[in-house]
Amino acid sequence: MSEAERQTQSHLRDLFDSRGISPRKILGQNFLIDLNLVEYIVEQARLTPDDLVLEIGSGTGSMTAMLAAEAGDVISVEVDPVMHKLAGEAVMMFDNVTLLNCDALKNKNTFAPEVLAAIAEKLEERPGRKLKLVANLPYVIATPVVSNLVKTELPWSAIIVTIQWELGQRMGARVGSSHYGALSVWLQAQARVKTLKRLRPSVFWPRPKVTSAIVRLLPDAKLKKRILDRDFFQDFVRRLFHHRRKLLRSVLVGMYRKQFSKPDIDAILAPFQFKETARAEELDVKTLVDLAAAFRAALDVPARIAADPT
Ligand SMILES: C[S@@+](CC[C@H](N)C(=O)[O-])C[C@H]1O[C@@H](n2cnc3c(N)ncnc32)[C@H](O)[C@@H]1O
């Protein structure tokens, strides 16, 4: 541990002791004590006064203050009332910070209404502005937070987050890697994912058991446009990767046994010219986007016939 890290850790310990509190493991309270890394994360967000930043997990507010110094507005969400109060003290001198004391998520699939309302209000104030998620995320909610933001229609232009190393690997995994799965495909069909740094446990206080990563996602509008129906695509990929090692054709026959006969499935698959032995885990992101679109379109055909029987 460097001298600077030791000093920040001891400052945090003193702060917590003086308030009679200790970090709450269940809330993923592992604070970054290497301030160069906090600076690095903020730098990577390339903030401008026009940007709206969403931070999830204000903690003691040290990153919140750095974000507030560079962004137009910051919305920072913290579930723990004690941390919320500490963050309030840390950002007292800024008038561009909205601190929310609530769970950032309503459920696994949706942000809390308070969070969405605060974002909508700030976006309305300055039409055309972009949203950036910049956060040292509590690890238990890292997947839903990133995945949900990507799923929204919010105008997000960057996500820079600290997450578990293993999760970062799954997010950015390429076809052929053992980490490649539904999450990799879902995210990479809409964004370019890159791991920027590996973080050893000792840059946090208290030390987590696992290695972490700073991961960046930038939207890929071109690829995203090819997804005809994002709910369908997400569900399609999830179900397909549930049986990643089974033969693709049998998985699809099983998935659509109520809608399509085996010859129907073969007709949908024909243009792709897959080998008989093809499996979901061997298909790259673009192919999966096109495959989902083909099934989505085929499912639409009976509906169109019913609507227009002539
Ligand atoms: C990893 S710490 C980050 C703290 C600080 N931003 C930092 O970088 O040192 C994560 C923070 O998220 C908060 N948190 C945990 N679950 C949350 C949730 N569901 N919604 C909002 N905040 C949450 C924790 O209380 C904790 O303060």
Side-chain angles (χ1 to χ4, degrees), residues 4-5 7-13 15-16 19 21-45 53-69 71 74-91 94 97-116 118-119 132-149 159-165 167-168 197 199 201-215:
E5 285 167 10
Q7 273 181 20
T8 313
Q9 176 174 309
S10 120
H11 165 76
L12 272 177
R13 272 186 204 279
L15 177 67
F16 276 60
R19 308 286 169 123
I21 54 172
S22 40
R24 296 174 65 186
K25 200 171 167 190
I26 195 167
L27 293 179
Q29 291 182 352
N30 302 98
F31 305 96
L32 262 170
I33 53 171
D34 181 341
L35 297 183
N36 292 324
L37 287 173
V38 183
E39 262 173 36
Y40 175 82
I41 293 168
V42 176
E43 229 173 76
Q44 290 302 313
V53 171
L54 172 64
E55 181 192 31
I56 290 179
S58 324
T60 58
S62 53
M63 192 193 294
T64 324
M66 284 195 207
L67 293 167
V74 178
I75 296 168
S76 184
V77 191
E78 172 57 58
V79 73
D80 182 347
V82 178
M83 290 299 128
H84 172 70
K85 188 161 178 289
L86 285 179
E89 292 167 20
V91 300
F94 295 99
V97 180
T98 306
L99 293 178
L100 300 176
N101 183 199
C102 63
D103 189 328
L105 296 174
K106 180 179 167 200
N107 56 46
K108 195 161 94 345
N109 302 314
T110 336
F111 284 111
E114 300 93 308
V115 176
L116 291 172
I119 295 173
K132 292 178 176 172
L133 171 68
V134 189
N136 171 17
L137 286 176
Y139 290 167
V140 275
I141 59 164
T143 306
V145 164
V146 172
S147 196
N148 291 345
L149 181 58
I159 295 176
I160 317 280
V161 282
T162 303
I163 57 176
Q164 283 192 16
W165 174 258
L167 176 58
K197 254 188 206 301
L199 307 182
S202 64
V203 300
F204 297 94
W205 177 76
R207 285 183 192 192
K209 285 206 173 71
V210 294
T211 302
S212 304
I214 300 173
V215 173

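Bear in mind that the values here come from a model prediction, so they are computed numbers and not experimental data. Atoms within each ligand, like the ligands themselves, are counted from 1 in listed order.
- Those atoms of ligand 1 with a heavy atom of Gly28 less than 4.0 angstrom away are 1 (C), 2 (S), 10 (C).
- Annotation for ligand 1: atoms under 4.0 Å from non-hydrogen atoms of Leu32 are 9 (O).
- With respect to the salt-bridge test (charged N to carboxylate O, under 4.0 angstrom), the residues Lys197 and Glu43 do not qualify.
- Remark: side-chain polar atoms of Asn101 are not paired, donor with acceptor, to backbone N or O of Val77 under 3.5 angstrom.
- Near Asp103, with a cut-off below 4.0 Å to any heavy atom, the atoms of ligand 1 are 18 (C), 19 (N), 20 (N).
- Proximity to Cys102 (heavy-atom distance under 4.0 Å) selects the following atoms of ligand 1: 20 (N), 21 (C).
- Contact analysis leaves Leu105 out of contact with ligand 1, as no non-hydrogen atom separation drops below 4.0 angstrom.
- Summary of contacts: the protein heavy atom closest to atom 17 (C) of ligand 1 is Val79 CG1, 3.5 Å.
- Less than 4.0 angstrom separates some heavy atom of Ser58 from each of these atoms of ligand 1: 5 (C), 6 (N).
- Considering all non-hydrogen atoms of both residues, Ser76 and Glu55 come closest at OG-OE1, 2.7 Å.
- Heavy-atom minimum distance, Leu167 versus Ala142: CD2-CB, 3.7 Å.
- Interface of Asn30 with ligand 1, defined as ligand atoms under 4.0 Å from a residue heavy atom, comprises 1 (C), 2 (S).
- Remark: ligand 1 atoms within the under-4.0 Å shell around heavy atoms of Val77 are 21 (C), 22 (N).
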